[in-house]
Student: 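Quick one: structure below, then a few questions.
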Amino acid sequence: MNKTHNLHKSLEKINKERFNKDLLSWYRSEQRDLPWRQNQDPYRIWVSEIMLQQTKVDTVIPYFKRFIESFPTVYDLAAAPEDKVLKAWEGLGYYSRARNLQSAVKEVVETYNGKVPDTPEQIANLKGVGPYTAGAILSIAYNKPEPAVDGNVMRVFSRILSIWDDIAKPSTRKIFEEAVRKLISEENPSHFNQALMELGAMVCTPKSPSCLLCPVQSHCQAFAEGVQDELPVKSKKKPPKPVPMAVGVLKTMENEVLIHKRPSTGLLANLWEFPNHETLSGGNAQDEQLQAFIEESYGVETEIEEHVKNFEHVFSHIKWKLAVYSGNVVKKASETEELRFVNIDQLEEFTFPVSHQKIIQLLKDGTI
DNA sequence: CACACGTGGGC
DNA sequence: TGCCCAAGTGT
């Protein structure tokens, strides 16, 4: 009894025509009025799908509006300086999404004459466009019957079809793609995929699903068995690893602050930061380690004056345990593309991660 | 495959 | 408070 066999057995119980009618009529009457649903411009759909990755709708809305105002077309985004794009993304997180999006948009302009491609092969080859986003653009913008399997779809279908595979495992997505291919409405693939996600967001929620309001309750095998609260099966991820870190807010005689641009790969790539250094134990001599690091790496001579405060910032996989120090720049270095001395008022021209926004606030309120 | 990669909100 | 979650992708 393999997974495929189980899936086929569950699919046999679904009346596709009636399921689609119930799902799509619900979507037509209950769908939210969202800014990326104003039209089917593939570029707008694309931008929204990238922003919505691992990010709540309410968080995305203001970012989407501002982003489209700043970069209304693929040509505007392709031509924009990267720092402007990152600035528009500031606070959204997963910043490589923004850089990958711009990179892919440039490819669309150069290779596809500015038209977002409409074939699975071409669109899936774009940077930052994986199996989900490819299917989302193809179905929503071009109305092609392609699966767009995200967390919502896996949750909804795990319940409807009583699928007990661990949705945290990468291989499990294929099972749901197969289910979607079997059930997707040929008349309206766009609404079908969006309706599944809308249902997952509004009704078939992770905790306390509103089964009594569900338009496809009569099709749901988990509800029939009373096991909707046990699905989907999802294994837990590792807790973030603590990383002790010393950060310096170093000022020149002219009251400028030393800032540094992070490398173009890895965590918070190409964002700006106050000079910081991972410290071995988080114990003693953090200030001396930091001071030595700044001199060796940037050629800037500093003197740390005082320990301002400690705080934590939690990422997906690590937890920075930040010790903030203030001090002075004794000897400046020449400014480069990645090393600047700026006034406090100028900081907003640069893109900082949220972890450093907390430090900027200390500067602005006079704590430092 | 497992892990890197952010953030804010809910309970 | 701490943990889980949210329209995933790259390596």
Side-chain angles (χ1 to χ4, degrees), chain A residues 31-32 34-37 44-64 86 89-101 103-104 123-137 139-141 147-156 166-174 176-177 180 190 192-202 204-209 232 234-243 262-271 273 312-320 351-358:
Chain A
Q31 64 169 286
R32 289 169 290 178
L34 301 172
W36 46 89
R37 288 179 176 164
R44 291 171 59 108
I45 304 296
W46 183 7
V47 170
S48 74
E49 291 301 340
I50 300 299
M51 285 188 171
L52 285 162
Q53 290 170 7
Q54 302 291 285
T55 310
K56 293 243 193 340
V57 165
D58 289 343
T59 301
V60 167
I61 289 173
Y63 280 91
F64 177 82
L86 284 175
W89 212 269
E90 186 175 46
L92 247 195
Y94 287 149
Y95 298 94
S96 66
R97 290 183 294 175
R99 296 183 302 111
N100 288 155
L101 174 61
S103 166
I123 199 141
N125 271 329
L126 265 15
K127 227 169 298 181
V129 177
Y132 163 75
T133 305
I137 296 172
S139 61
I140 299 172
V149 175
D150 70 337
N152 288 122
V153 174
M154 289 198 280
R155 182 173 58 258
V156 169
D166 182 358
I167 67 168
K169 300 262 191 258
S171 58
T172 304
R173 197 193 71 251
K174 297 187 187 68
F176 292 93
E177 286 176 344
V180 170
S190 168
F192 180 89
N193 281 339
Q194 291 186 81
L196 286 181
M197 294 188 275
E198 193 82 350
L199 191 67
M202 306 303 292
C204 194
T205 47
K207 282 166 289 188
S208 307
K234 189 178 185 182
S235 56
K236 297 188 204 310
K237 38 186 175 176
K238 291 194 324 186
K241 174 190 172 188
V243 175
R262 295 178 60 89
S264 59
T265 57
L267 182 66
L268 306 169
N270 285 359
L271 269 61
E273 64 184 0
E312 289 188 351
H313 185 82
V314 184
F315 298 92
S316 323
H317 57 304
I318 54 178
K319 181 195 293 187
W320 275 355
T351 305
F352 286 87
V354 169
S355 52
H356 287 244
Q357 303 287 354
K358 298 171 183 173

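Sequence lines set the chain letters: A, B, ... in the order given, protein chains first and strands last, and positions in each chain run from 1.
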Student: Any donor-acceptor pair under 3.5 Å linking the side-chain atoms of A:E49 with those of A:Y132?
Tutor: yes
Student: Just to verify, what does A:S96 make a side-chain hydrogen bond (donor to acceptor under 3.5 Å, both in side chains) with, not counting sequence neighbours?
Tutor: none
Student: Please give, in whole Å, the distance from C:dG8 C1' to A:M154 CE?
Tutor: 9 Å
Student: Output all residues satisfying side-chain contact (heavy atoms from CB on, under 4.5 Å) with A:S264, sequence neighbours left out; order by chain, then residue number.
Tutor: A:N270
Student: Once you apply a heavy-atom cut-off of 4.0 Å, does A:I140 come out as touching a base, just sugar-phosphate, or nothing?
Tutor: nothing
Student: Mind calculating the distance between NZ (A:K319) and C1' (C:dG2) to the nearest angstrom?
Tutor: 8 Å
Student: For A:W320, report the nucleic acid contact type (base, sugar-phosphate, nothing); a contact means any heavy atom under 4.0 Å.
Tutor: nothing
Student: Whole Å only: how far is the NZ atom of A:K234 from the C1' atom of C:dC4?
Tutor: 8 Å
Student: In whole Å, I'd like the distance from the CH2 atom of A:W46 to the C1' atom of C:dG8.
Tutor: 16 Å
Student: Remember a base hit wins even if backbone is also touched, and classify A:R155 as base, sugar-phosphate or nothing at under 4.0 Å, heavy atoms.
Tutor: sugar-phosphate
Student: Starting at the 5' end of nucleotides 4-11 of chain B, put B wherever the base has a protein heavy atom under 4.0 Å, S where only the sugar-phosphate does, and a dash everywhere else.
Tutor: SBBBB---
Student: For the P atoms, the ones on C:dT9 and on B:dG8, what distance do you get once it is rounded to whole angstrom?
Tutor: 22 Å
Student: Answer with base, sugar-phosphate or nothing: what part of the nucleic acid does A:R262 contact at a heavy-atom distance below 4.0 Å?
Tutor: nothing
Student: Let me know the distance between CZ of A:R173 and C1' of B:dA2, rounded to the nearest Å.
Tutor: 15 Å
Student: Can you sort out the partners of A:Q357 under side-chain contact (heavy atoms from CB on, under 4.5 Å), two or more places apart, ordered by chain and number?
Tutor: A:E90, A:F352, A:I360
Student: My understanding is that only residues two or more places apart in sequence, or in another chain, count here; which of them pass side-chain contact (heavy atoms from CB on, under 4.5 Å) with A:P232?
Tutor: A:R155, A:S158, A:R159, A:I167
Student: On a whole-Å scale, what distance lies between the P atoms belonging to C:dC4 and B:dC3?
Tutor: 16 Å
Student: Look at all strands and tell whether A:V57 reaches a base, only sugar-phosphate, or nothing, counting heavy atoms closer than 4.0 Å.
Tutor: base
Student: Residues two or more places apart in sequence or in another chain: which of them pass side-chain hydrogen bond (donor to acceptor under 3.5 Å, both in side chains) with A:S316?
Tutor: A:Y94
Student: For A:T133, report the nucleic acid contact type (base, sugar-phosphate, nothing); a contact means any heavy atom under 4.0 Å.
Tutor: sugar-phosphate
Student: On DNA chain C, compare the nucleotides closest to A:G130 and A:E312; which residue's is nearer the 5' end?
Tutor: A:E312
Student: When rounded to the nearest 0.5 angstrom, what distance separates CZ in A:R97 from CD in A:Q54?
Tutor: 8.5 Å
